[in-house]
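Worksheet: one structure, shown below.
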Amino acid sequence: MKISYFLKSIITLVSGTAAAHLITLAALPIISRLYSKEQFGELAVLMSSSGILAIIMTFKLEVALFNRSKRVEREAIVYSAIVLSLCFLLTLTVIAFVFESSFLDFYKNKLSAFTLFFIPLAAFMIALFNVITNFVIVDKQFKHVAKVKVQRSLAQALLQFCFSIMSIGLVVAETLSRAVGIFSLFRKGLAEKELKTYKVETFIETIKINKRFLKFTSLAAFFNVAALQVPTLFIAANFSFSGAGIYLMTNRLVALPVNLIGQSMAQVYSSEFGTKKHEYNALIELFKRVVFKSFIFSSVIFILGALLSEWLIVIILGEQWAQVSEFIIILTPMLIFQFSVTPISNTLNMLECQHLMLFWDFFRLSSVLFVTLVTISYNLDVEQFLVGYSIVLSLCYLILLILSWYKLKQKTHMPR
């Protein structure tokens with residue numbers, strides 16, 4: 001049976017992502033014993049802060065790459081995104097210097113000044129990595145993207161070993177490993193090609209042409225990323241860095257099924273949705289089948305994982321990480337809902353209901369912020385905060401499921 005080029009491309013990208021995740025997981029039993037929970041907490045603050053700031057740096061201009069067929073237009077977008085990122089890098093670095101004491105006080109002086117100044121640089125590297133990755137993907141260099149993901153994970157693991165003698169070893173390793181990925185992508189994707197003359201006028205024209213992405217896509221992306229990263233920053237600031245470290249470790253362990261398998265199912269679903277766009281009954285059946293299978297799979301995986309976590313965590317990570325099992329158990333309902341909805345999460349966008357998706361992203365972020373306010377008001381502990389977070393996020397994913405189903409059913413009853 002001949003495999004289509006599209007399916008081959010998905011398999012190539014997924015295999016690279018899978019290998020990268022497996023390398024990270026394979027290194028955890030050693031890394032978890034080389035560094036303390038507090039050091040992982042500092043890394044968590046760096047990753048969450050830089051993840052949010054990376055959205056602001058490019059305003060998700062890199063998404064526009066998929067809508068441009070000419071290479072010269074794509075190059076203009078890449079360099080416009082780089083210019084934007086550099087401007088924000090300089091601005092954020094100055095802000096970090098000016099308000100250094102305020103930021104450190106916010107984290108009760110548990111965050112090192114070195115990590116604080118590394119946050120803008122890490123955000124710049126994430127933004128640059130995302131931009132060039134999209135450019136290379138549009139250029140159909142899928143094998144190279146997969147290769148770079150594996151190289152970055154290997155570099156990250158090796159650097160974490162090498163810098164374990166430093167208190168901020170995890171922070172340094174994370175930043176340098178991103179540099180490795182960027183260099184490899186840039187060299188293959190851009191540096192070997194003839195680069196076009198880039199002028200200020202080109203930058204202004206590119207921003208004008210792609211202003212829709214700056215207005216809407218960036219806002220939705222910001223709501224999406226912030227909703228996922230706010231809990232880490234809140235735990236670090238309101239509770240402890242060790243709690244943030246435990247939360248980061250928890251997320252790393254559950255990332256493989258959620259980010260890899262869930263996203264792969266989403267790609268297949270989106271592909272099938274596109275081919276059956278006008279077969280309304282087939283779309284309904286596809287939606288129900290995917291949700292049912294993902295719910296059954298996630299229930300088995302996460303419930304089994306929760307039951308075995310107390311025993312496995314101590315063996316794999318060590319005694320100091322025993323609380324990870326508590327976090328996994330608390331978050332299990334949310335993880336089941338998240339995994340069940342992830343494959344069909346793009347339904348509203350494909351039905352051209354982007355406004356509803358934007359509303360849901362905003363609602364989810366507002367719900368997370370509401371839980372943080374309740375936690376502060378009633379002086380709840382970190383476990384109680386996570387219980388509230390798990391319940392609220394479960395409801396949010398259920399609402400997204402209902403919204404998607406309602407709009408899909410509505411479409412099937414429209415005049416054909």
Side-chain angles (χ1 to χ4, degrees), residues 44 47-56 59-60 63 126 213 215-238 244 247-248 250-251 254-255 257-259 262-263 265-266 269-270 287 290-291 294-295 298 302 327-328 330-377 380 382 384-408:
M47 293 177 65
S48 294
S49 301
S50 58
I52 295 173
L53 293 174
I55 303 296
I56 301 172
F59 291 103
K60 295 302 290 182
V63 177
I126 293 173
F213 292 95
K215 288 181 179 179
F216 301 108
T217 307
S218 60
L219 194 59
F222 175 79
F223 290 154
N224 181 38
V225 173
L228 298 175
Q229 303 301 339
V230 162
T232 299
L233 300 177
F234 178 71
I235 291 172
N238 196 64
Y247 186 71
L248 172 62
T250 302
N251 282 327
V254 302
V258 174
N259 295 339
Q263 291 299 327
M265 291 176 69
Y269 170 79
S270 297
F287 185 94
V290 170
V291 170
S294 57
F295 176 75
S298 61
F302 289 117
F327 282 23
I328 290 176
I330 291 172
L331 295 173
T332 292
M334 183 270 288
L335 292 170
I336 291 173
F337 276 100
Q338 181 184 14
F339 188 95
S340 300
V341 175
T342 293
I344 56 90
S345 60
N346 202 35
T347 300
L348 290 177
N349 287 327
M350 291 187 291
L351 293 174
E352 299 181 3
C353 298
Q354 288 89 346
H355 61 290
L356 282 177
M357 196 67 204
L358 180 62
F359 167 78
W360 181 80
D361 282 322
F362 175 74
F363 176 76
R364 180 174 60 160
L365 175 58
S366 301
S367 301
V368 172
L369 293 175
F370 173 75
V371 175
T372 63
L373 290 175
V374 170
T375 301
I376 294 171
S377 299
L380 304 179
V382 65
Q384 291 170 320
F385 163 72
L386 288 176
V387 169
Y389 174 73
S390 181
I391 292 172
V392 165
L393 262 290
S394 297
L395 291 174
C396 286
Y397 287 119
L398 181 60
I399 289 171
L400 178 59
L401 177 65
I402 293 170
L403 274 175
S404 301
W405 173 253
Y406 173 76
K407 296 305 294 186
L408 188 60

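- For the pair Thr232/Leu248, no side-chain contact is recorded, criterion being any heavy-atom separation below 4.5 Å from C-beta on.
- In this structure, Ile235 and Phe385 approach most closely via the heavy-atom pair CG1-CE2, 3.9 Å.
- Note that CG of Leu358 is 12.5 Å distant from SG of Cys353, once rounded to the nearest 0.5 Å.
- For the pair Ser49/Leu233, a side-chain contact is recorded, criterion being any heavy-atom separation below 4.5 Å from C-beta on.
- Closest of all the heavy-atom pairs between Phe327 and Val382 is CZ-CG2, 4.2 Å.
- Separation of atoms CD1 (Ile55) and CD (Gln229) is listed at 9.5 Å; rounding is to 0.5 Å.
- What you find for Ala44 and Ala244 is that their closest heavy atoms are CB-O, 3.8 Å.
- Looking at Thr332 and Ile336, their side chains come closer than 4.5 Å, going by heavy atoms from C-beta outward.
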(Q) Please evaluate residues Tyr247 and Leu386 with respect to the criterion side-chain contact (heavy atoms from CB on, under 4.5 Å), reporting the C-alpha separation (whole Å), side-chain torsions for both, the decisive distance (0.1 Å), and the verdict. (A) CA-CA 10 Å; Tyr247 186 71; Leu386 288 176; 3.8 Å; yes
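- For the pair Val368 and Val392, the minimum side-chain heavy-atom distance is 4.5 Å or more.
- The CG atom of Leu335 lies 8.5 Å from the OG atom of Ser394; values are rounded to the nearest 0.5 Å.
- Across all non-hydrogen atoms, the minimal contact from Met357 to Leu400 is SD-CD1, 4.0 Å.
- Rounding to the nearest 0.5 Å gives a distance of 9.5 Å between CG of Leu351 and CG of Asn346.
- Residue Val387 comes nearest to Ile330 through the heavy atom pair N-CG2, 3.6 Å, listed as atom of the first residue, atom of the second, then distance.
- Leu401 has its side chain out of reach of Phe337: every pair of non-hydrogen atoms, C-beta onward, lies at least 4.5 Å apart.
- Distance check: Asn251 CG to Ile328 CD1 gives 9.5 Å after rounding to the nearest 0.5 Å.
- Note: Phe339 and Phe302 have perpendicular aromatic rings, judged against thresholds of 30 and 60 degrees for the angle between ring planes.
- Residues Leu348 and Trp360 form no side-chain contact, since every pair of their non-hydrogen atoms from C-beta on lies 4.5 Å or further apart.
- In summary, of the residues considered (Phe359, Phe363, Phe362), a ring-ring contact (aromatic ring centres under 6.0 Å, His included) with Phe223 occurs for Phe362 alone.
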Q: Run the numbers on Leu373 and Leu369 for side-chain contact (heavy atoms from CB on, under 4.5 Å), then give the verdict.
A: CA-CA 6 Å; Leu373 290 175; Leu369 293 175; 5.5 Å; no
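- Contact detail for Pro343 and Ser340: the closest heavy-atom pair is CD-O, 3.6 Å.
- Here the side chains of Trp405 and Thr347 are not in contact, with every heavy-atom distance at 4.5 Å or above.
- At a threshold of 4.5 Å between non-hydrogen side-chain atoms, the residues Arg364 and Tyr397 count as touching.
- Interatomic distance, Leu219 CG to Asn224 CG, rounded to the nearest 0.5 Å: 11.5 Å.
- Here the side chain of Ser377 pairs no donor or acceptor atom with the backbone of Val374 at under 3.5 angstrom.
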